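Down below is the structure, laid out as structure tokens.
Values below: all heavy atoms of this structure, side chains included; hydrogens, waters and symmetry mates excluded. Source: prediction; values computed, not measured. Remember, it's 1-based here, ligands and their atoms both numbered in the order they're listed.
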Amino acid sequence: MTSSPIIAPSILASDFSRLADEVHAIEGAADWLHVDVMDNHFVPNLTIGLPVVQSLRKATSIPFDVHLMIAHPERWAPGYAEAGAYNVTFHAEACDDPVGLAKTLRAAGAKAGLAIDRDTPVEPYLELLPYLDTVLIMTIKAGFGGQSFLPEMLDKVRDVRRRVSVGHLDVRVEVDGGIAADTIEQAAEAGADAFVAGTAVYGAADPAQAVRKLRALAAERMGISM
Ligand SMILES: O=C(CO)[C@@H](O)[C@H](O)COP(=O)(O)O
Ligand SMILES: [Fe+2]
């Protein structure tokens, strides 16, 4: 089954002083809102946490795609599910029991996602796919927006896509980092069907139009007529 592309603007690239307005700017055009949670431990950067997600949840109906770049995700991830996140993604490198946490997230009503950072191979995690709804392949080193896309990460996307197809699994293959008009097609070609874009959306004069353009490029490469 081929799914329509998901475009998920990352609010990390938005103006945090106008957070609700920035979300409204892509509402109606985007599929998910990507929320990068960083804790200054798992990654050096520090962004936003649960109170901001809880407040923002009341300001929009767009599904939240929460990307937890935090240590001890088993302690914090369920709170994001309870706050109404659609998809909660935690890092393989930070979690001792990814299957257990995925089950907990699903029981709390969220989709469960596993993220794989730049220096982590994906093979050991392929057997976990039946427990997951999303695999997020970092196409940069996690921690900061605005970095350059790493095409060598696409082998991981191909590996996950192959296993999803062979197993007829319902798992989104998401890419995150440096996704823009000049990189999204290669990611789609490799088998990604969900695309995070921060700078390419919020750095554009018209963020909603940038989302529509990215979706059209991905869909064309995926052979989907929109
Ligand atoms: O998770 C992260 C960064 O660690 C990303 O979600 C970035 O925020 C994407 O930003 P761009 O690379 O698209 O600017
Ligand atoms: Fe992210």
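Less than 4.0 angstrom separates some heavy atom of A142 from each of these atoms of ligand 1: 4 (O). Each of the atoms 6 (O) of ligand 1 lies under 4.0 Å from some heavy atom of V196. Listed by number with element, the atoms of ligand 1 under 4.0 Å from a non-hydrogen atom of H34 are 6 (O). Taking a cut-off of under 4.0 Å to the non-hydrogen atoms of S10, the atoms of ligand 1 that pass are 6 (O), 8 (O). Atoms of ligand 1 found under 4.0 Å from any heavy atom of M38, numbered from 1 in the order shown, are 3 (C), 4 (O). Below 4.0 Å from some heavy atom of A197 lie the following atoms of ligand 1, by number and element: 13 (O). Close approach of ligand 1 to G177 is summarised as follows: ligand atoms under 4.0 Å from at least one heavy atom of the residue are 12 (O). Short contacts between ligand 1 and T199, defined as distances under 4.0 Å to a heavy atom of the residue, involve ligand atoms 11 (P), 13 (O), 14 (O).
The nearest non-hydrogen atom to atom 7 (C) of ligand 1, considering only D36, I179, I11, comes from D36. Among V201, V37, D176, the residue whose heavy atom lies nearest to atom 5 (C) of ligand 1 is D176.
Residue, atom and distance of the protein heavy atom nearest to atom 3 (C) of ligand 1 are F144 O, 3.5 Å. The protein heavy atom nearest to atom 4 (O) of ligand 1 is G143 N, 2.8 Å. Residue, atom and distance of the protein heavy atom nearest to atom 10 (O) of ligand 1 are G145 CA, 3.7 Å. Looking only at heavy atoms of the protein, atom 12 (O) of ligand 1 is closest to G178 N, 2.8 Å. From the protein, the heavy atom lying nearest to atom 13 (O) of ligand 1 is G198 N, 2.8 Å.
Heavy-atom distances between A13 and ligand 1 stay at or above 4.0 Å for every pair. Ligand 1 lies out of reach of A200, whose nearest heavy atom is not under 4.0 Å from it. Assignment of K141 to the shell around ligand 1 is not supported, since no heavy atom sits closer than 4.0 Å.
Taking 4.0 Å as the cut-off between side-chain N and carboxylate O, R162 and D159 count as a salt-bridged pair. Here D133 does not pair with R172 in a salt bridge; the nearest charged N to carboxylate O distance is not below 4.0 Å. Ion pair R215/D31 flagged as a salt bridge, since at least one NZ, NE, NH1 or NH2 atom sits closer than 4.0 Å to an Asp/Glu carboxylate oxygen.
Formation of a donor-acceptor pair under 3.5 Å by the S10 side chain with backbone atoms of A197 is not found in this model. Side chain of T104 to main chain of G100: a donor-acceptor pair is present (N/O by atom type, distance under 3.5 Å, no hydrogens or angles). At distances below 3.5 Å, not a single donor-acceptor pair connects side-chain atoms of E185 with backbone N or O atoms of D182.
With ring centers used as reference points, W32 lies 6.0 Å or more from F64.
Of all heavy-atom pairs spanning P5 and F195, the tightest one is CB-CE1, 3.9 Å.
Surrounding CD of Q54 are more than 12 heavy atoms belonging to other residues, nucleotides or ligands, all under 6.0 Å away.
Side-chain contact of H34 with D36: a donor-acceptor pair under 3.5 Å is present, judged by distance alone.
To the nearest 0.5 Å, atom CE of residue M153 and atom CZ of residue R118 are 7.0 Å apart.
For H67, the N/O/S atom at the shortest distance from the Fe ion (ligand 2) is named ND1. Closest N/O/S atom of D36 to the Fe ion (ligand 2): OD1. The N, O or S atom of D176 lying closest to the Fe ion (ligand 2) is OD2.
Considering backbone and side-chain atoms alike, I140 places every N or O at 3.5 Å or more from each N or O of ligand 1.
The aromatic rings of H91 and H67 lie parallel to each other, with less than 30° between the two planes, well short of the 60° mark.
Considering D155, V122, L154 in turn, V122 is the only one that fulfils the side chain to side chain contact (heavy atoms under 4.5 Å, CB included) rule with I137.
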